[in-house]
Amino acid sequence: MVIIVTTDYERLAAINKSHLWHPFTQMKDYNNADPLIIERGEGIRLYDVQGRAYYDGFSSVWLNVHGHNVSELNQAIADQLGRVAHSTLLGMANIPAIELAEKLVRIAPKGLNKVFYSDSGATGVEIAIKMAFQYWHNRGARGKTTFITMNQAYHGDTIGAVSVGAIPMYHDVFRPMLFPSHVIPYPYAYRHEGGAAEALEATLTLLRKLLETRADEIAALIVEPIVQGASGMIVMPPGCLREMAALCSKHDVLLIADEVATGFGRTGAMFACDLESVSPDLMVVGKGLTGGYLPVAATLATDEIYEAFYADYHEQKTFFHGHSYTGNPLGCAVALASLKLFEERKIIEGVRAKASFVENKLAALKERPHIGDIRQKGLMIGIELVRDKGSREPYDWVERIGVRTSMRARELGMLTRPLGNVIVFIPPLVSTEAELESMIDILAESIVNVTEGSRAL
Ligand SMILES: *Cc1c(COP(=O)(O)O)cnc(C)c1O
C-alpha cells in the first residue's frame with residue numbers, strides 16, 4: 001500500500017490549480033508558480049497557510065481601511081447575523097440599509113440625497129450610467145444618449161462599465177459589443193510634453209469643444225475624481241476636476257463621479273470630490289465602503305435625478321434595475337460600523353498626517369535611476385518605473401518589470417499588485433508610521449533589486 005502524504009498546502013494548491021480560474025490572471029503563468037494561499041489576517045498583515053506573514057501593501061486591491069480581523073467590524077456582522085443575514089430590498093427595507101443610507105447622505109458631497117445599493121463598483125457604475133440615460137429619457141430629452149469618459153479610464157468589468165472604460169489592453173477585445181463613448185485625454189503630467197499646465201489645458205480645451213458642439217447628444221461625463229487609479233495612480237493637476245464639473249453644469253451634462261477607489265478617506269478627504277468642493281450629480285462608491293469586508297456598493301443621486309423617475313406608475317418612469325443582494329444587511333451593518341470607526345479613530349485626519357510621512361520617505365527614492373515618477377494623493381501611491389530616466393523611456397511591457405518587482409516585494413514580506421510599470425502602494429488607512437516605514441523599506445529594496453540588479457540597497 002502506498003500512502004501519499006500531502007500537506008494542507010499541497011492539497012489546496014492542487015485543487016486551486018484544478019478548479020480555480022482567477023480574475024485578471026493568465027492562468028498559464030499562475031499555474032507555473034507556487035500559489036499564495038491566505039489563511040487569515042490580523043491588523044494590516046495577512047498570513048498564508050504556511051504561516052508566513054505579509055504586509056497588505058495594496059489593501060487587498062484597494063479595499064481595506066481598518067486592517068483585517070477587526071473586532072468591532074466582526075461584531076457588527078455577528079450581531080446582524082443573529083437577526084437576519086439577508087432580506088431583499090425589492091419592495092421592502094431592512095434596518096442597516098436604512099441607517100447606512102442616512103449616514104452616506106450625511107457624509108457625501110451636498111445634494112446627493114438618494115442612495116441606490118448594489119454589490120460591486122462595476123454594478124454601481126452600471127446603475128449610474130443607466131440612471132443618467134433614463135433621467136434624460138424621462139425628461140423628454142431623448143437625444144442625450146452618449147457618454148464622455150477619459151483616456152485610460154477604468155470603471156469596472158461589466159459591459160456598460162467597459163463601454164465607458166478606455167484601457168485598450170483590457171477593453172479592446174470587447175469593443176464590438178460595447179456602446180461607443182467620447183474619450184477626452186486624461187491630464188497625465190509626467191507623459192505630457194508640456195507638463196501639468198499644458199496637460200490640463202489640453203483636457204479642458206477638448207472637453208469645452210465637445211460640450212459646445214455635442215452637449216445635446218451627451219447624457220453624462222464619468223470621471224475618476226482627482227486620481228485615475230487603474231491607469232497607474234495618475235493625479236490630476238489642481239483645479240481640473242472643479243473646472244470639468246463647471247463645464248458639465250454649464251452645458252447641462254450630468255457629472256458621474258466614480259469614487260469606488262478614491263472614496264472613504266483614501267485621498268485624505270472622505271471623498272476625492274471634497275478636495276475641490278465638487279458636488280457631482282451621481283456618485284458611485286464601493287471598495288472601502290464596508291472597510292474592505294463585504295461586497296456592498298452604492299450609487300448616490302441628487303433629488304433632481306430622483307424626481308425625474310418619481311411619477312405615476314403608468315407613466316413608465318420607474319428605474320427597473322436591481323440585484324439579488326441589493327442592500328444586503330450584513331454588508332450594510334459592517335459599513336455602518338466602519339463609518340463609526342472613521343469618526344472614533346479620526347481616520348481621515350490620520351491619513352493626512354501619514355501621507356506627509358510617506359511623501360518624505362519616498363522622496364529619498366527620487367534619485368534612483370529607474371524611478372521616473374512618484375505620484376501620491378493621501379495614501380494612494382503609484383511609482384512609475386522607467387528604463388531611461390532622462391528620456392522617460394518606458395520598460396517594454398513584456399519585461400514585466402512591475403510584476404517582477406511585486407514578486408520581490410512578496411519575498412520580502414509585502415503584498416502588492418502592479419499596474420503595468422507602475423508599482424502600487426495603497427496601504428490600509430490604519431497603518432502606523434512604523435508599519436509604513438517597514439513597507440516603504442520593502443518597496444525600495446524590491447525596486448532597487450529588480451531595476452538595478454543589486455541585492456542590497
Ligand atoms: C475597482 C474599481 C471599479 C470596479 O469595482 P469592482 O467592485 O471591482 O467592480 C470601478 N471604478 C473604479 C475607479 C475602481 O477602482
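Quick note: numbers below take in every heavy atom, side chains included, and nothing from hydrogens, waters or symmetry partners. Just so you know, ligand 1 is whichever comes first in the structure, and atom 1 is the first atom listed for that ligand.
- Not less than 6.0 angstrom separates the ring centroid of His66 from the ring centroid of Tyr293.
- By the 30° and 60° cut-offs, the orientation of the rings of Tyr188 relative to Tyr190 is tilted.
- Scanning all protein heavy atoms for the shortest distance to atom 9 (O) of ligand 1 gives Ala122 N, 2.8 Å.
- Nearest to atom 13 (C) of ligand 1 among the protein's heavy atoms is Asp258 OD2, 3.3 Å.
- Atom 15 (O) of ligand 1 has its closest protein heavy atom at Lys287 NZ, 2.6 Å.
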**Request:** Please report the C-alpha distance between Thr262 and Glu259 in whole Å, then the side-chain angles of each, then the deciding distance to 0.1 Å, and finally whether the side-chain hydrogen bond (donor to acceptor under 3.5 Å, both in side chains) criterion is met.
**Result:** CA-CA 5 Å; Thr262 50; Glu259 291 259 10; 2.7 Å; yes
**Asked** Run the side chain to side chain contact (heavy atoms under 4.5 Å, CB included) check on Leu73 and Leu341 step by step: do they pass?
**Response** CA-CA 9 Å; Leu73 301 185; Leu341 291 185; 4.0 Å; yes
**Message:** For a salt bridge (Lys or Arg N to Asp or Glu O under 4.0 Å) check, start with the C-alpha distance between Asp29 and Arg400, then their side-chain angles and the critical distance, and finish with the verdict.
**Reply:** CA-CA 12 Å; Asp29 291 337; Arg400 295 202 281 183; 2.9 Å; yes
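- Nearest protein heavy-atom contact of atom 6 (P) of ligand 1 is Gly121 N, 3.3 Å.
- Below 4.0 Å from some heavy atom of Gly156 lie the following atoms of ligand 1, by number and element: 4 (C), 10 (C).
- Of the possible polar contacts, one joining the Asn64 side chain to the Gly67 backbone as a donor-acceptor pair under 3.5 Å is found.
- The proximity of Trp62 to ligand 1, defined as any non-hydrogen pair under 4.0 Å, is limited to the side chain.
- Close contacts between ligand 1 and Ser120 involve ligand atoms 7 (O), 9 (O) [criterion: under 4.0 Å to a heavy atom].
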